[in-house]
2 protein chains.
Amino acid sequence: MLTTEQIINTMSEHGLRITDQRKTLAKLFGEHPGYLTAKDVYEYMGQKYSGLSFDTVYRNLRVMYELGVLEQVVFEEGIKFRGRCSEDHHHHHMICLQCQKTYPIMFCPMQLTDAPEDFQVVQHKFEVFGYCGECGKDQGEKESSPSIGGKRDGRV
Amino acid sequence: MLTTEQIINTMSEHGLRITDQRKTLAKLFGEHPGYLTAKDVYEYMGQKYSGLSFDTVYRNLRVMYELGVLEQVVFEEGIKFRGRCSEDHHHHHMICLQCQKTYPIMFCPMQLTDAPEDFQVVQHKFEVFGYCGECGKDQGEKESSPSIGGKRDGRV
DNA sequence: GTCCATGCAAACCATTTGCACATAG
DNA sequence: CTATGTGCAAATGGTTTGCATGGAC
């Protein structure tokens, strides 16, 4: 995953101004390995910036996504963001339903999927959901305070 | 995929009233093999029912989904519906980006994914996107009028 | 006749946009 | 100093809800 500095540098190189809010965003995504919704981010940022507005968060998430420092994934509950994965080789993810951390799976099923007949493959998705070692322990017990907003609803 | 009759019967058995609109919905999903958004459905139904309201469409889609006659999948553009797949064994799908038809993939990559360490797998998603034989031919040319709203934007 | 289904209007939620002021470079 | 970033308010788009009427059984 990109580090806080890498994120800031990329933004700076592309002519974006490094405001205090953006520094905080970079830090958040540079250090937090899981997926966050716009709301999660808003709530987190809100602790530090009292007058914070939702639209600024959205704007920055979008800018960062377009710049390529953030990834965006569609879950059932909505869109979530995380720092871009710096793995270079193609891979997939196991995603923890509680803490939302992701673990790379280097195995890609496409190699083994006999693209049938005349189907022209353009893209594929392979994602595994479950509970990671950390979160597997306290199965459904007390909310074991994940780094940021982790609800154990199991929806995907 | 479920047939029109199977859909209607299931609804009837569960005490739902078979209105004309619901018959049409059943027919739509019984005959159309691809994914449709609520809007697609609304537009299609609108041709036949002039006073149609969006909320009724939503309500019926929801009821049918909860009843299990429809499946629901999250795409980047939003949620889409299709008739429930009648394949009984676990399988995945190849989805045509143009006509939205789906083709089953019986191969499941989970067997081969060495669930690493202590990760407790709960669910997985494996989806392949591309163009099917039919749609592959006229690559990006004129809109070859897919059964219902097929835009070739390739987004997933 | 009873209760569910429908249309309408309004509420709701997430996201986007326009504008004036604040501030990084 | 200038252009970009921000907060505010309002618009937008998709979806849901409350209510009274209409229709299936």
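Numbered from 1 within each chain, the chains take letters A, B, ... in sequence-line order.
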Nucleic acid footprint by protein, nucleotides 10-17 of chain D - heavy-atom cut-off 4.0 Å, B for base, S for sugar-phosphate alone:
----SBBB

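- Atom OH of A:Y65 is separated from atom P of C:dT16 by 12 Å (rounded to the nearest Å).
- Phosphate contact (OP1/OP2 of D:dT6, side-chain N/O of A:T56, threshold under 4.0 Å): absent.
- The two residues B:L36 and B:V41 have their closest heavy-atom pair at CB-CG2, 4.0 Å.
- Checked against side chain to side chain contact (heavy atoms under 4.5 Å, CB included), B:R62 has the following partners two or more places apart in sequence or in another chain: B:E66.
- Residue A:K48 contributes atom NZ, which lies 18 Å from atom C1' of D:dG7 at whole-angstrom precision.
- Proximity of residues 16-24 of chain A to DNA chain D (heavy atom under 4.0 angstrom from any strand atom) is restricted to A:L16, A:R17, A:T19, A:Q21, A:R22.
- Panel note: side chain B:R22, backbone B:R17; a donor-acceptor pair is recorded below 3.5 Å.
- Defined by atom type and a distance below 3.5 Å, a donor-acceptor pair is present between the side-chain atoms of B:H124 and B:H92.
- To the nearest angstrom, P of C:dA24 lies 14 Å from CD1 of A:I8.
- For the pair A:N60 CG and C:dT16 C1', the computed distance is 14 Å after rounding to whole Å.
- A centroid separation of 6.0 Å or more is found between the aromatic rings of A:F119 and B:Y131.
- Using a 4.5 Å heavy-atom cutoff, the side chains of A:E43 and A:Q47 are not in contact.
- Rounding to whole angstrom units, CD of residue A:E43 and C1' of C:dA14 are separated by 13 Å.
- Without hydrogens or angle criteria, A:Y49 side chain to A:D20 main chain gives a donor-acceptor distance under 3.5 Å.
- Rounding to whole angstrom units, CE of residue B:M11 and C1' of D:dA24 are separated by 13 Å.
- Across the protein-nucleic acid pair, A:H14 atom NE2 and C:dG25 atom C1' stand 17 Å apart, rounded to whole Å.
- Counting to the nearest Å, the P atom of D:dG5 and the CG atom of A:L67 are 11 Å from each other.
- Under the 3.5 Å distance criterion, with hydrogens and angles disregarded, no donor-acceptor pair is assigned to the side chains of A:Y42 and A:T37.
- Here B:R84 does not pair with B:E71 in a salt bridge; the nearest charged N to carboxylate O distance is not below 4.0 Å.
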